[in-house]
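Quick notes on the structure that follows.
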2 protein chains.
Amino acid sequence: MARTKEFDPDAALQKAMELFWERGYEATSMSDLVEHLGIGRASLYATFGGKRELYLKAYERYLENGVDFVGLLSQPGPVLPAIRRLVELYLEESTDPATAPRGCLVVNTAVEVAPHDPVVARRVEQNWDFVETALTSALTRAKAQGELPAGKDPRALARLLLTVLQGMRVIGKSSDNPARLRDAAEQALRVLE
Amino acid sequence: MARTKEFDPDAALQKAMELFWERGYEATSMSDLVEHLGIGRASLYATFGGKRELYLKAYERYLENGVDFVGLLSQPGPVLPAIRRLVELYLEESTDPATAPRGCLVVNTAVEVAPHDPVVARRVEQNWDFVETALTSALTRAKAQGELPAGKDPRALARLLLTVLQGMRVIGKSSDNPARLRDAAEQALRVLE
DNA sequence: CTCTTTTTGGAACGAACTGTCAATTTCGCT
DNA sequence: AGCGAAATTGACAGTTCGTTCCAAAAAGAG
(Lines give C-alpha, C1' and ligand atoms only; values in the text may rest on other atoms or scores of the structure.)
Protein backbone atom coordinates (compact mmCIF):
# COMPACT_ATOMS: atom_id res chain seq x y z
CA MET A 1 0.00 0.00 0.00
CA ALA A 2 2.68 2.43 -0.99
CA ARG A 3 3.98 4.21 -3.97
CA THR A 4 6.59 2.29 -5.95
CA LYS A 5 10.10 3.59 -6.35
CA GLU A 6 10.63 5.31 -9.66
CA PHE A 7 14.32 4.50 -9.82
CA ASP A 8 16.38 1.34 -9.44
CA PRO A 9 18.30 1.55 -6.16
CA ASP A 10 20.86 -0.94 -7.45
CA ALA A 11 21.61 1.12 -10.53
CA ALA A 12 21.75 4.28 -8.43
CA LEU A 13 24.21 2.71 -6.01
CA GLN A 14 26.33 1.61 -8.94
CA LYS A 15 26.45 5.16 -10.27
CA ALA A 16 27.25 6.52 -6.83
CA MET A 17 30.08 4.03 -6.54
CA GLU A 18 31.51 5.07 -9.88
CA LEU A 19 31.37 8.74 -8.91
CA PHE A 20 33.09 8.17 -5.57
CA TRP A 21 35.62 5.97 -7.34
CA GLU A 22 36.46 8.64 -9.85
CA ARG A 23 36.43 11.74 -7.65
CA GLY A 24 37.09 10.53 -4.12
CA TYR A 25 35.02 11.04 -1.01
CA GLU A 26 35.54 14.69 -0.12
CA ALA A 27 35.52 15.96 -3.69
CA THR A 28 32.15 14.32 -4.40
CA SER A 29 29.24 16.42 -3.15
CA MET A 30 25.72 15.25 -2.53
CA SER A 31 24.65 17.66 -5.28
CA ASP A 32 27.00 15.90 -7.69
CA LEU A 33 25.44 12.61 -6.73
CA VAL A 34 21.90 13.92 -7.10
CA GLU A 35 22.77 15.19 -10.54
CA HIS A 36 24.49 12.06 -11.82
CA LEU A 37 22.09 9.59 -10.25
CA GLY A 38 19.12 11.39 -11.72
CA ILE A 39 17.08 11.07 -8.54
CA GLY A 40 15.82 13.60 -6.06
CA ARG A 41 17.78 14.73 -3.08
CA ALA A 42 15.29 13.46 -0.52
CA SER A 43 15.04 10.11 -2.30
CA LEU A 44 18.79 9.74 -2.01
CA TYR A 45 18.76 10.43 1.72
CA ALA A 46 15.70 8.23 2.29
CA THR A 47 17.19 5.29 0.41
CA PHE A 48 20.84 5.36 1.41
CA GLY A 49 21.11 7.65 4.40
CA GLY A 50 23.74 10.38 4.49
CA LYS A 51 26.93 10.75 2.55
CA ARG A 52 29.02 8.51 4.77
CA GLU A 53 26.53 5.65 4.73
CA LEU A 54 26.22 5.94 0.98
CA TYR A 55 29.98 5.74 0.68
CA LEU A 56 30.10 2.62 2.80
CA LYS A 57 27.44 0.98 0.64
CA ALA A 58 29.27 2.07 -2.51
CA TYR A 59 32.46 0.56 -1.10
CA GLU A 60 30.75 -2.77 -0.57
CA ARG A 61 29.26 -2.64 -4.02
CA TYR A 62 32.77 -2.16 -5.39
CA LEU A 63 33.98 -5.26 -3.59
CA GLU A 64 31.09 -7.32 -4.95
CA ASN A 65 31.87 -6.36 -8.53
CA GLY A 66 35.64 -6.38 -8.14
CA VAL A 67 38.27 -8.94 -8.96
CA ASP A 68 37.10 -12.41 -8.03
CA PHE A 69 40.15 -13.63 -6.15
CA VAL A 70 38.60 -16.85 -4.96
CA GLY A 71 37.23 -17.68 -8.38
CA LEU A 72 40.57 -16.96 -10.00
CA LEU A 73 42.81 -18.71 -7.52
CA SER A 74 40.70 -21.67 -6.47
CA GLN A 75 40.37 -23.33 -9.83
CA PRO A 76 41.79 -26.84 -9.94
CA GLY A 77 45.04 -27.41 -11.73
CA PRO A 78 48.20 -25.33 -11.74
CA VAL A 79 48.19 -22.31 -9.44
CA LEU A 80 51.00 -20.15 -10.74
CA PRO A 81 49.38 -19.38 -14.10
CA ALA A 82 46.34 -18.12 -12.24
CA ILE A 83 48.50 -15.87 -10.08
CA ARG A 84 50.25 -14.65 -13.20
CA ARG A 85 46.89 -13.81 -14.73
CA LEU A 86 45.92 -11.97 -11.57
CA VAL A 87 49.06 -9.85 -11.59
CA GLU A 88 48.64 -9.15 -15.29
CA LEU A 89 45.05 -8.09 -14.67
CA TYR A 90 46.23 -5.56 -12.09
CA LEU A 91 48.98 -4.49 -14.46
CA GLU A 92 46.51 -3.79 -17.25
CA GLU A 93 44.13 -1.85 -15.06
CA SER A 94 47.02 0.14 -13.58
CA THR A 95 48.52 1.11 -16.95
CA ASP A 96 45.48 1.56 -19.20
CA PRO A 97 44.90 5.33 -19.47
CA ALA A 98 41.17 4.70 -19.31
CA THR A 99 41.22 2.93 -15.95
CA ALA A 100 44.53 3.84 -14.30
CA PRO A 101 43.62 7.34 -13.06
CA ARG A 102 40.70 6.13 -10.97
CA GLY A 103 42.86 3.41 -9.49
CA CYS A 104 41.30 1.04 -7.00
CA LEU A 105 38.53 2.20 -4.73
CA VAL A 106 39.97 0.21 -1.83
CA VAL A 107 43.32 1.95 -2.21
CA ASN A 108 41.65 5.32 -2.60
CA THR A 109 39.63 4.62 0.53
CA ALA A 110 42.66 3.42 2.47
CA VAL A 111 44.49 6.64 1.69
CA GLU A 112 41.77 9.27 1.87
CA VAL A 113 39.13 8.02 4.27
CA ALA A 114 40.46 5.22 6.46
CA PRO A 115 42.83 7.32 8.60
CA HIS A 116 39.92 9.47 9.78
CA ASP A 117 37.24 6.81 10.09
CA PRO A 118 37.83 3.69 12.20
CA VAL A 119 34.87 1.86 10.67
CA VAL A 120 36.20 2.39 7.19
CA ALA A 121 39.70 1.46 8.30
CA ARG A 122 38.39 -1.87 9.57
CA ARG A 123 36.67 -2.62 6.29
CA VAL A 124 39.83 -1.85 4.36
CA GLU A 125 41.97 -3.97 6.61
CA GLN A 126 39.48 -6.81 6.20
CA ASN A 127 40.09 -6.55 2.49
CA TRP A 128 43.85 -6.80 2.93
CA ASP A 129 43.26 -9.84 5.09
CA PHE A 130 40.98 -11.36 2.50
CA VAL A 131 43.40 -10.91 -0.38
CA GLU A 132 46.33 -12.07 1.69
CA THR A 133 44.44 -15.19 2.75
CA ALA A 134 43.36 -16.01 -0.79
CA LEU A 135 46.93 -15.65 -2.06
CA THR A 136 48.35 -17.61 0.87
CA SER A 137 46.08 -20.58 0.36
CA ALA A 138 46.76 -20.54 -3.37
CA LEU A 139 50.52 -20.47 -2.81
CA THR A 140 50.22 -23.19 -0.19
CA ARG A 141 48.48 -25.33 -2.75
CA ALA A 142 51.14 -24.45 -5.30
CA LYS A 143 53.80 -25.59 -2.88
CA ALA A 144 51.99 -28.88 -2.29
CA GLN A 145 51.78 -29.39 -6.05
CA GLY A 146 55.48 -28.77 -6.48
CA GLU A 147 55.01 -25.50 -8.37
CA LEU A 148 56.71 -23.56 -5.61
CA PRO A 149 60.19 -24.46 -4.28
CA ALA A 150 60.05 -26.18 -0.90
CA GLY A 151 61.95 -23.43 0.88
CA LYS A 152 59.43 -20.67 0.08
CA ASP A 153 57.03 -19.23 2.65
CA PRO A 154 53.55 -18.96 1.09
CA ARG A 155 52.25 -16.36 3.52
CA ALA A 156 55.29 -14.12 3.24
CA LEU A 157 55.10 -14.33 -0.54
CA ALA A 158 51.39 -13.55 -0.43
CA ARG A 159 52.18 -10.45 1.60
CA LEU A 160 54.74 -9.32 -0.91
CA LEU A 161 52.29 -9.80 -3.77
CA LEU A 162 49.57 -7.94 -1.86
CA THR A 163 51.93 -5.02 -1.34
CA VAL A 164 53.09 -4.97 -4.94
CA LEU A 165 49.52 -5.00 -6.26
CA GLN A 166 48.53 -1.99 -4.16
CA GLY A 167 51.75 -0.21 -5.07
CA MET A 168 50.97 -0.68 -8.74
CA ARG A 169 47.61 0.95 -8.28
CA VAL A 170 49.15 4.00 -6.60
CA ILE A 171 51.88 4.53 -9.16
CA GLY A 172 49.48 3.89 -12.03
CA LYS A 173 47.31 6.78 -10.86
CA SER A 174 49.96 9.35 -11.62
CA SER A 175 52.24 7.75 -14.16
CA ASP A 176 51.79 6.95 -17.81
CA ASN A 177 54.92 4.83 -18.05
CA PRO A 178 53.65 1.28 -18.58
CA ALA A 179 57.16 -0.17 -18.65
CA ARG A 180 57.71 0.81 -15.05
CA LEU A 181 54.87 -1.29 -13.71
CA ARG A 182 55.45 -4.05 -16.23
CA ASP A 183 58.97 -4.50 -14.90
CA ALA A 184 57.72 -4.42 -11.33
CA ALA A 185 55.06 -7.02 -12.05
CA GLU A 186 57.51 -9.25 -13.87
CA GLN A 187 60.04 -9.08 -11.06
CA ALA A 188 57.36 -9.80 -8.49
CA LEU A 189 56.32 -12.91 -10.37
CA ARG A 190 59.91 -14.02 -10.63
CA VAL A 191 60.01 -14.30 -6.85
CA LEU A 192 57.78 -17.35 -7.14
CA GLU A 193 60.27 -19.31 -9.23
CA MET B 1 61.15 51.16 3.49
CA ALA B 2 58.56 48.63 4.49
CA ARG B 3 57.21 46.71 7.41
CA THR B 4 58.73 43.33 8.24
CA LYS B 5 56.73 40.12 8.48
CA GLU B 6 55.69 39.16 11.99
CA PHE B 7 55.76 35.42 11.36
CA ASP B 8 58.28 33.03 9.93
CA PRO B 9 57.06 31.92 6.48
CA ASP B 10 59.23 28.80 6.66
CA ALA B 11 57.69 27.66 9.92
CA ALA B 12 54.22 28.46 8.63
CA LEU B 13 54.79 26.43 5.49
CA GLN B 14 56.03 23.56 7.63
CA LYS B 15 52.83 23.62 9.67
CA ALA B 16 50.72 23.83 6.54
CA MET B 17 52.54 20.83 5.13
CA GLU B 18 51.90 18.84 8.28
CA LEU B 19 48.21 19.68 8.21
CA PHE B 20 47.82 18.71 4.56
CA TRP B 21 49.82 15.57 5.25
CA GLU B 22 47.55 14.54 8.09
CA ARG B 23 44.16 15.50 6.69
CA GLY B 24 44.53 15.50 2.94
CA TYR B 25 43.82 18.29 0.49
CA GLU B 26 40.04 18.48 0.36
CA ALA B 27 39.51 17.86 4.07
CA THR B 28 41.81 20.73 5.03
CA SER B 29 40.09 24.11 4.90
CA MET B 30 41.71 27.49 4.74
CA SER B 31 40.14 28.23 8.11
CA ASP B 32 41.88 25.16 9.54
CA LEU B 33 45.14 26.45 8.17
CA VAL B 34 44.63 29.96 9.52
CA GLU B 35 43.91 28.50 12.92
CA HIS B 36 46.85 26.10 13.07
CA LEU B 37 49.37 28.40 11.49
CA GLY B 38 48.51 31.17 13.90
CA ILE B 39 48.62 33.83 11.21
CA GLY B 40 45.98 36.00 9.68
CA ARG B 41 43.96 35.07 6.65
CA ALA B 42 45.26 37.95 4.54
CA SER B 43 48.85 37.14 5.45
CA LEU B 44 48.33 33.57 4.32
CA TYR B 45 46.98 34.61 0.94
CA ALA B 46 49.58 37.34 0.47
CA THR B 47 52.46 35.02 1.31
CA PHE B 48 51.48 31.74 -0.32
CA GLY B 49 48.64 32.49 -2.71
CA GLY B 50 45.49 30.37 -2.71
CA LYS B 51 44.90 26.89 -1.38
CA ARG B 52 46.25 25.06 -4.41
CA GLU B 53 49.46 27.06 -4.54
CA LEU B 54 49.96 26.54 -0.84
CA TYR B 55 49.52 22.81 -1.33
CA LEU B 56 52.10 22.74 -4.09
CA LYS B 57 54.58 24.59 -1.89
CA ALA B 58 53.82 22.25 1.01
CA TYR B 59 54.42 19.30 -1.30
CA GLU B 60 57.83 20.63 -2.25
CA ARG B 61 58.64 21.28 1.37
CA TYR B 62 57.80 17.65 2.11
CA LEU B 63 60.23 16.47 -0.54
CA GLU B 64 63.01 18.66 0.84
CA ASN B 65 62.63 17.23 4.34
CA GLY B 66 61.88 13.68 3.22
CA VAL B 67 64.05 10.61 2.90
CA ASP B 68 67.42 11.50 1.45
CA PHE B 69 67.69 8.81 -1.21
CA VAL B 70 70.84 10.12 -2.76
CA GLY B 71 72.56 10.56 0.58
CA LEU B 72 71.57 7.08 1.65
CA LEU B 73 72.39 5.25 -1.55
CA SER B 74 75.42 7.11 -2.81
CA GLN B 75 77.72 6.45 0.08
CA PRO B 76 80.87 4.59 -0.88
CA GLY B 77 81.18 0.96 0.06
CA PRO B 78 78.62 -1.82 -0.08
CA VAL B 79 75.25 -0.86 -1.59
CA LEU B 80 72.94 -3.60 -0.41
CA PRO B 81 73.12 -2.68 3.29
CA ALA B 82 72.08 0.84 2.39
CA ILE B 83 69.13 -0.44 0.42
CA ARG B 84 68.21 -2.67 3.33
CA ARG B 85 68.29 0.34 5.64
CA LEU B 86 66.09 2.25 3.24
CA VAL B 87 63.49 -0.51 3.13
CA GLU B 88 63.60 -0.84 6.89
CA LEU B 89 63.09 2.90 7.24
CA TYR B 90 59.96 2.68 5.13
CA LEU B 91 58.88 -0.36 7.10
CA GLU B 92 59.20 1.49 10.39
CA GLU B 93 57.31 4.55 9.20
CA SER B 94 54.60 2.36 7.69
CA THR B 95 54.04 0.29 10.81
CA ASP B 96 54.59 2.77 13.66
CA PRO B 97 51.11 3.76 14.90
CA ALA B 98 52.36 7.31 15.34
CA THR B 99 53.41 7.79 11.71
CA ALA B 100 51.63 5.09 9.69
CA PRO B 101 48.16 6.71 9.48
CA ARG B 102 49.43 9.84 7.78
CA GLY B 103 51.39 7.73 5.33
CA CYS B 104 53.48 9.48 2.72
CA LEU B 105 52.42 12.84 1.34
CA VAL B 106 53.52 11.84 -2.15
CA VAL B 107 51.32 8.75 -2.05
CA ASN B 108 48.45 10.74 -0.60
CA THR B 109 48.90 13.31 -3.34
CA ALA B 110 49.13 10.66 -6.05
CA VAL B 111 45.84 9.15 -4.92
CA GLU B 112 43.76 12.18 -3.98
CA VAL B 113 44.99 15.10 -6.05
CA ALA B 114 47.03 13.92 -9.03
CA PRO B 115 44.16 12.40 -11.05
CA HIS B 116 42.38 15.76 -11.12
CA ASP B 117 45.37 18.07 -11.49
CA PRO B 118 47.87 17.56 -14.32
CA VAL B 119 50.45 19.82 -12.72
CA VAL B 120 50.37 17.82 -9.53
CA ALA B 121 50.44 14.56 -11.49
CA ARG B 122 53.64 15.67 -13.19
CA ARG B 123 55.29 16.49 -9.88
CA VAL B 124 54.36 13.10 -8.49
CA GLU B 125 55.60 11.26 -11.54
CA GLN B 126 58.86 13.18 -11.30
CA ASN B 127 59.21 11.78 -7.81
CA TRP B 128 58.69 8.21 -9.01
CA ASP B 129 61.32 8.87 -11.67
CA PHE B 130 63.68 10.28 -9.10
CA VAL B 131 63.37 7.35 -6.72
CA GLU B 132 63.58 4.84 -9.53
CA THR B 133 66.70 6.48 -10.88
CA ALA B 134 68.38 6.59 -7.48
CA LEU B 135 67.64 2.93 -6.87
CA THR B 136 68.70 1.95 -10.38
CA SER B 137 72.08 3.63 -10.13
CA ALA B 138 72.63 2.12 -6.69
CA LEU B 139 71.80 -1.36 -7.93
CA THR B 140 73.97 -0.85 -10.99
CA ARG B 141 76.84 -0.04 -8.69
CA ALA B 142 76.00 -3.08 -6.59
CA LYS B 143 76.16 -5.23 -9.67
CA ALA B 144 79.55 -3.81 -10.63
CA GLN B 145 80.81 -4.52 -7.12
CA GLY B 146 79.63 -8.11 -7.28
CA GLU B 147 76.92 -7.63 -4.65
CA LEU B 148 74.21 -8.40 -7.16
CA PRO B 149 74.20 -11.55 -9.32
CA ALA B 150 75.22 -10.90 -12.91
CA GLY B 151 71.86 -11.95 -14.34
CA LYS B 152 69.81 -9.34 -12.47
CA ASP B 153 68.38 -6.24 -14.14
CA PRO B 154 69.03 -3.19 -11.93
CA ARG B 155 66.31 -1.05 -13.40
CA ALA B 156 63.64 -3.74 -13.20
CA LEU B 157 64.60 -4.44 -9.61
CA ALA B 158 64.50 -0.74 -8.81
CA ARG B 159 60.99 -0.60 -10.22
CA LEU B 160 59.91 -3.50 -8.05
CA LEU B 161 61.35 -1.84 -4.96
CA LEU B 162 59.69 1.46 -5.82
CA THR B 163 56.35 -0.30 -6.13
CA VAL B 164 56.80 -2.23 -2.90
CA LEU B 165 57.71 0.91 -0.96
CA GLN B 166 54.58 2.74 -2.08
CA GLY B 167 52.46 -0.32 -1.44
CA MET B 168 53.76 -0.47 2.11
CA ARG B 169 52.69 3.10 2.69
CA VAL B 170 49.17 2.39 1.48
CA ILE B 171 48.66 -0.74 3.51
CA GLY B 172 50.24 0.81 6.57
CA LYS B 173 47.63 3.57 6.51
CA SER B 174 44.83 1.19 7.33
CA SER B 175 46.44 -1.80 8.96
CA ASP B 176 48.00 -2.30 12.35
CA ASN B 177 49.52 -5.64 11.49
CA PRO B 178 53.27 -5.03 11.45
CA ALA B 179 54.06 -8.63 10.51
CA ARG B 180 52.33 -8.20 7.18
CA LEU B 181 54.60 -5.43 5.97
CA ARG B 182 57.64 -6.95 7.65
CA ASP B 183 57.19 -10.09 5.59
CA ALA B 184 56.64 -8.07 2.45
CA ALA B 185 59.77 -6.01 3.05
CA GLU B 186 61.84 -9.10 3.82
CA GLN B 187 60.68 -10.87 0.68
CA ALA B 188 61.35 -7.80 -1.41
CA LEU B 189 64.90 -7.64 -0.13
CA ARG B 190 65.38 -11.33 -0.83
CA VAL B 191 64.92 -10.60 -4.51
CA LEU B 192 68.30 -8.91 -4.50
CA GLU B 193 70.16 -12.03 -3.42
C1' DC C 1 59.44 62.70 13.12
C1' DT C 2 57.16 61.94 8.70
C1' DC C 3 56.26 59.50 4.66
C1' DT C 4 55.65 55.32 2.37
C1' DT C 5 55.00 50.63 2.09
C1' DT C 6 53.61 46.39 3.90
C1' DT C 7 51.37 43.55 7.20
C1' DT C 8 47.52 42.44 9.82
C1' DG C 9 42.96 41.10 11.87
C1' DG C 10 38.45 40.82 10.86
C1' DA C 11 34.45 41.70 8.35
C1' DA C 12 32.09 40.51 4.23
C1' DC C 13 31.44 38.14 -0.28
C1' DG C 14 28.92 34.86 -3.23
C1' DA C 15 28.95 30.18 -3.88
C1' DA C 16 28.51 25.61 -2.42
C1' DC C 17 27.95 22.46 1.29
C1' DT C 18 24.96 18.67 4.01
C1' DG C 19 20.73 17.72 5.58
C1' DT C 20 15.48 18.63 6.32
C1' DC C 21 10.57 19.48 5.62
C1' DA C 22 6.00 20.25 3.95
C1' DA C 23 3.43 19.61 -0.11
C1' DT C 24 2.32 16.70 -3.85
C1' DT C 25 1.95 12.49 -6.34
C1' DT C 26 1.27 7.62 -6.98
C1' DC C 27 0.49 3.20 -5.69
C1' DG C 28 -2.01 -1.00 -3.01
C1' DC C 29 -5.95 -2.16 -0.76
C1' DT C 30 -10.77 -2.15 1.02
C1' DA D 1 -13.96 5.31 -5.79
C1' DG D 2 -11.34 6.63 -2.05
C1' DC D 3 -8.19 6.11 1.82
C1' DG D 4 -3.60 5.55 3.85
C1' DA D 5 1.25 4.82 3.18
C1' DA D 6 5.35 5.50 0.88
C1' DA D 7 8.07 8.19 -2.64
C1' DT D 8 8.94 12.38 -5.20
C1' DT D 9 9.53 17.19 -5.62
C1' DG D 10 11.41 21.66 -4.87
C1' DA D 11 12.48 24.91 -1.84
C1' DC D 12 14.66 25.94 2.33
C1' DA D 13 17.57 26.36 6.50
C1' DG D 14 22.10 26.77 8.66
C1' DT D 15 26.93 26.15 7.86
C1' DT D 16 31.04 26.29 5.79
C1' DC D 17 33.74 26.92 1.73
C1' DG D 18 37.67 29.81 -0.75
C1' DT D 19 38.59 34.36 -1.59
C1' DT D 20 38.59 39.48 -1.43
C1' DC D 21 38.52 43.87 0.59
C1' DC D 22 39.50 47.51 3.94
C1' DA D 23 40.81 50.32 7.62
C1' DA D 24 44.19 50.42 11.09
C1' DA D 25 48.68 49.51 12.80
C1' DA D 26 53.59 49.04 12.32
C1' DA D 27 58.24 49.56 10.77
C1' DG D 28 62.18 51.03 7.72
C1' DA D 29 64.12 55.22 4.93
C1' DG D 30 64.71 60.01 4.56
Side-chain angles (χ1 to χ4, degrees), chain A residues 1-59 108-109 112-114 116-120, chain B residues 1-59 61 108-109 112-120:
Chain A
M1 44 176 109
R3 182 174 170 180
T4 55
K5 267 188 163 44
E6 282 191 359
F7 66 95
D8 179 8
D10 260 24
L13 182 57
Q14 179 71 22
K15 284 196 174 188
M17 185 270 280
E18 289 166 2
L19 211 61
F20 277 131
W21 189 3
E22 189 176 315
R23 302 191 185 179
Y25 178 76
E26 296 285 350
T28 305
S29 73
M30 292 301 275
S31 297
D32 290 336
L33 290 161
V34 166
E35 189 180 343
H36 278 76
L37 269 56
I39 70 181
R41 213 179 184 71
S43 301
L44 211 172
Y45 276 91
T47 307
F48 301 107
K51 187 181 180 182
R52 202 185 87 108
E53 296 178 28
L54 176 55
Y55 189 83
L56 282 169
K57 283 167 181 157
Y59 175 84
N108 300 353
T109 303
E112 190 196 355
V113 187
H116 316 296
D117 190 325
V119 174
V120 172
Chain B
M1 47 175 105
R3 182 176 168 183
T4 55
K5 267 186 164 43
E6 279 192 2
F7 66 95
D8 178 8
D10 260 23
L13 182 57
Q14 179 71 23
K15 284 196 173 186
M17 184 270 280
E18 288 166 3
L19 212 60
F20 277 132
W21 189 4
E22 189 177 316
R23 302 191 186 179
Y25 178 77
E26 296 285 349
T28 305
S29 72
M30 292 301 275
S31 297
D32 291 335
L33 289 162
V34 167
E35 189 180 343
H36 278 75
L37 269 56
I39 70 179
R41 236 182 169 68
S43 303
L44 212 172
Y45 276 90
T47 308
F48 301 107
K51 187 180 181 183
R52 202 185 87 108
E53 295 178 29
L54 176 56
Y55 189 82
L56 282 169
K57 283 166 181 158
Y59 175 84
R61 160 60 58 97
N108 300 355
T109 303
E112 191 196 354
V113 187
H116 316 296
D117 191 325
V119 174
V120 172

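Residue numbers begin at 1 in each chain, while the letters A, B, ... track the order of the sequences.
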N/O donor-acceptor pair under 3.5 Å between B:Lys51 side chain and B:Thr28 backbone: yes
Atom-pair distance (CD on A:Glu53; P on C:dG19), nearest Å: 9 Å
Atom pair distance, as rounded to whole Å: CZ in B:Arg52 and C1' in D:dG18: 14 Å
Can you identify which nucleotide, out of [options], has its nearest atom closest to the [X] side chain?
X	options	result
B:Lys51	D:dT9, D:dT19, C:dT18	D:dT19
A:Lys5	C:dT7, D:dA7, C:dC21	D:dA7
A:Ser43	C:dC17, D:dC17, D:dT9	D:dT9
A:Thr4	C:dC27, D:dA11, D:dT19	C:dC27
A:Tyr45	C:dG9, C:dG19, C:dC21	C:dG19

Side-chain donor/acceptor of B:Arg41 to base of C:dG10, under 3.5 Å: no
Base D:dA7 to side chain A:Arg3, donor-acceptor N/O within 3.5 Å cut-off: yes
Sugar-phosphate, base or nothing in reach of A:Thr28, heavy atoms under 4.0 Å: sugar-phosphate
Qualifying residues under salt bridge (Lys or Arg N to Asp or Glu O under 4.0 Å), relative to A:Glu6, sequence neighbours excluded: A:Arg3
Contact check, side chains of A:Glu112 and B:Glu112, non-hydrogen atoms, under 4.5 Å: yes
Residue closer to the 5' end of DNA chain C, A:Ala42 versus B:Ala42 (nearest nucleotide): B:Ala42
Short side-chain N/O contact to C:dC17 OP1/OP2 from A:Ser29, under 4.0 Å: yes
